[in-house]
Amino acid sequence: MSISMALFSPPFSSSSLQNPNLTPKISLSLSLLSTKRFSLLSVTRASSSDNGASTPDSAAVSATTVEIPKPVEEAPVKSPPAESSSAASEDGGEETDLPTTTTEIKFQDAKWVNGTWDLKQFEKDGKTDWDSVIVAEAKRRKWLEDNPETTTNAEPVLFDTSIIPWWAWMKRYHLPEAELLNGRAAMIGFFMAYFVDSLTGVGLVDQMGNFFCKTLLFVAVAGVLFIRKNEDFDKLKGLFEETTLYDKQWQAAWKEPESSSSSTVSSKK
Amino acid sequence: MSSFALKSFTGLRQSPTDQITLVSHVPSSLSLPHRRTSLRVTASRASPKLANRTLRVAVIGGGPAGGAAAETLAQGGVETILIERKMDNCKPCGGAIPLCMVGEFNLPLDIIDRRVTKMKMISPSNIAVDIGRTLKEHEYIGMVRREVLDQYLRERAEKSGATVINGLFLKMDLPEEWDSPYVLHYTEYDGKTGATGQKKTMEVDAVIGADGANSRVAKSIGAGDYDYAIAFQERIRIPDDKMTYYEDLAEMYVGDDVSPDFYGWVFPKCDHVAVGTGTVTHKGDIKKFQLATRNRAKDKILGGKIIRVEAHPIPEHPRPRRLSKRVALVGDAAGYVTKCSGEGIYFAAKSGRMCAEAIVEGSQNGKKMIDESDLRKYLEKWDKTYLPTYRVLDVLQKVFYRSNPAREAFVEMCGDEYVQKMTFDSYLYKRVAPGSPLEDLKLAVNTIGSVFRANALRREIEKLNV
């Protein structure tokens, strides 16, 4: 623990490459986890989970790891005005000129080279740190959402997210969520089994043989999977209506109403 | 009343086997609850022969739908009148026609200003993907000027025997009895600009409504309303060196800044580019979206001059009633614009032709009166041929245009060769090609992967927002 504290004292200095020292320490200090591969995962998960159940070790280390991937040198740079062409003269008063020269705020980053992320700059221990690539790309997209930029032929954007291997995505996004959902399902399952047992006296094994209980189980699993926030319930209803709306609109011509009312509600199928 | 008329004309029927058709012949796949009324509908096979005249059909609207319909009707021996309100109308339009339209409608190649063989899809984070590598030598998307195309189709209709009238359709009196004519009220312009024109009426047996998104014919028959998108477009003349980039390339921009439920585009026209965008849900913000589209293409249209600003509604789905007795709607008036791509020209022309073919067949080259069931055949054929296409495009729009992550995934998917091949095949030839199951499976996996990654990045962005 003292080792990680010592590392922690110089606050996020310079580049993201101080990780080579940190990684072996993480795996040693987090003896809870079996494999080294998942160390990075649990560290980042601990930082994102709100329950304060994480150990002080992982908390300290996670703070460091989250800070490090941040590209420190990212700052909006005002690039010189793009190609200045001569302003076309106005004639007739009907035609309006487009602005010919403007100062532009562009996305700039030391690691963003030639329209794609230079993976060599993300290396840590000789291997690419995919998590930092993902975070960098997310930052870029956020920047562009807030400041939409022109596309230019001089610097086309070529980055393709599929170069990040599938397991990096799994580790970062799918596994935490899967753990959460499994936890929920387990809790619901345990308490429902206890509840039904206390009410009816039917033990767990006998419950599984009953059709009604199996239905309840199915509903519980589906509910945990699809309804994760309160809004999801209405969203699902809206989605279902949406899928059938277009068909209804097409079949309306075949409804053959004698009155001229044009209701599109009743569907043919 | 109709059954009485049936008996009196039995002797004039061409084939005695028509007797059997008194049984309802509504297609079983689209069975209706009111079966009894359809008995009257099938009376058309025993419709009266028109004594010493041919069937008179009016086509309201002289765009691609009207022109194609009028030509087919005239060629089929039906007396056709085409009413168009503005002969030199430059309809605001993307102007893209698929390859099959050139062949099917025998369009001369000089109508096509440009052949687009490359497209660029640009995602919200400006990731650009080139599409078109899979196109063969002879395949392209044709860019036309609407005024040129419409005029050509109208002239061809006139050469085939249709009468083209420059007039504005006002309203239509529906017939009281089953064989009374429709009375059209219109204002005829006699060619002098600025003249108000004179009110006239005309009696016709059937009407094809091809008068576009704000169809008056549709209003007259109570066809109902549809949701529509506003397409806003600016025509910009850009310097020559920038124009060479757009020589045969069209661009599509997707993103929340450009449009919440559609896309922004830069399409090359004859000597300028058209930069535009559209939306259904946020029509009030269309100017903002247009500025954003121009901003995204800024470097490439730098130094350009806006020469024209135009906007037009685009229907999102068909009207509830696409025909009523002997009036049928085609083209934009019926709402035959696809989702996702917003393509309408080909479907307008094709529906005009299909409806006219149904009329020609039902009237046996203009000799007999037609009835609603003949026009229903056109609806059946249309729905059977093109409903899968519409459905697929609707699903694509629902899945891929709903949010920025979805759009990012969409653009990523477009980089895949198989996707490009399937997309172009279905767009250029208007057939939903089956493709190989293995590739489809790979495509499904890739799609899920792309969507997952894009959504994961969105969650990362949200974490950064905190």
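Just so we're on the same page: letters track the sequence lines, and every chain starts at 1. Quantities reported herein were computed from a predicted structural model and do not represent experimental measurements.
- For chain B, the nearby parts of A:P148 are the backbone and the side chain; heavy atoms of each come within less than 4.5 Å.
- The residues A:K142 and B:E462 are annotated as not salt-bridged, no charged nitrogen and carboxylate oxygen being separated by less than 4.0 angstrom.
- Side chain of B:K398 to backbone of A:E242: a donor-acceptor contact under 3.5 angstrom is found.
- With ring centers used as reference points, B:Y390 lies under 6.0 Å from A:W250.
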For side-chain contact (heavy atoms from CB on, under 4.5 Å), just list the numbers for B:I127 and A:L158, CA-CA rounded to whole Å, side-chain angles, deciding distance to a tenth of an Å, and then say yes or no.
CA-CA 6 Å; B:I127 294 176; A:L158 302 166; over 6 Å; no
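- Both the backbone and the side chain of B:N295 come within less than 4.5 Å of a heavy atom in chain A.
- The part of B:D227 that comes within reach of chain A is its side chain, from C-beta onward, which places non-hydrogen atoms under 4.5 angstrom from that chain.
- With a 4.5 angstrom heavy-atom cutoff, B:R459 touches chain A only via side-chain atoms.
- For chain A, the nearby part of B:N404 is the side chain; its heavy atoms alone come within less than 4.5 Å.
- No other option in A:A138, A:G115, A:P156 has as many heavy-atom pairs under 4.5 Å with chain B as A:A138.
- When the candidates B:V309, B:L323, B:V129, B:L387 are compared by the number of heavy-atom contacts under 4.5 Å with chain A, B:L387 comes out ahead.
- The pair A:R141-B:E408 meets the salt-bridge criterion, with a side-chain N (NZ, NE, NH1 or NH2) lying under 4.0 Å from an Asp/Glu carboxylate O.
- Here B:L464 is the residue among B:D257, B:D256, B:L464 with the most heavy-atom pairs under 4.5 Å with chain A.
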Under the side-chain contact (heavy atoms from CB on, under 4.5 Å) criterion, do A:T151 and B:Y253 qualify, and how do the steps go?
CA-CA 10 Å; A:T151 58; B:Y253 293 88; 3.5 Å; yes
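- Within 6.0 Å of OH on B:Y246 lie more than 12 heavy atoms contributed by other residues, nucleotides or ligands.
- Ion pairing of A:E149 with B:R296 is absent here, as no side-chain N (NZ or NE/NH1/NH2) approaches a carboxylate O to less than 4.0 Å.
- The number of heavy-atom neighbours closer than 6.0 Å to CG of B:D240, taken from other residues, nucleotides and ligands shown, is 12 or below.
- Enclosure of atom CG in A:N114 is not indicated, since only 12 or fewer non-hydrogen atoms of other residues, nucleotides or ligands lie within 6.0 angstrom.
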Pair B:R322-A:W254, side-chain contact (heavy atoms from CB on, under 4.5 Å): steps then yes or no:
CA-CA 9 Å; B:R322 283 175 271 158; A:W254 299 99; 4.3 Å; yes
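- Using a 4.5 Å heavy-atom cutoff, the side chains of A:R140 and B:S125 are in contact.
- Of the residues considered (B:N465, B:L457, B:V395), B:L457 shows the highest number of contacts with chain A, using heavy-atom pairs under 4.5 Å.
- You'll find the side chain of B:K300 stays beyond 4.5 Å of the side chain of A:T152, heavy atoms only.
- Separating the CG atom in A:L144 from the OG atom in B:S123 is a distance of 8.5 Å, to the nearest 0.5 Å.
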Salt bridge (Lys or Arg N to Asp or Glu O under 4.0 Å) evaluation trace for A:K139 with B:E460
CA-CA 8 Å; A:K139 287 210 166 96; B:E460 196 66 43; over 6 Å; no
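- In this structure, chain A has a heavy atom under 4.5 Å from the backbone of B:A297, while its side chain stays farther away.
- Put simply, the side chain of B:R453 never gets that close to the backbone of A:W169: no donor and acceptor are under 3.5 Å apart.
- When only modelled atom types and interatomic distance are considered, B:Y226 and A:Q249 share no side-chain donor-acceptor pair under 3.5 Å.
- For B:R402, the part lying under 4.5 angstrom from a heavy atom of chain A is the side chain only.
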Step-by-step side-chain hydrogen bond (donor to acceptor under 3.5 Å, both in side chains) determination, B:E412 to A:T161
CA-CA 8 Å; B:E412 251 182 49; A:T161 54; 2.2 Å; yes
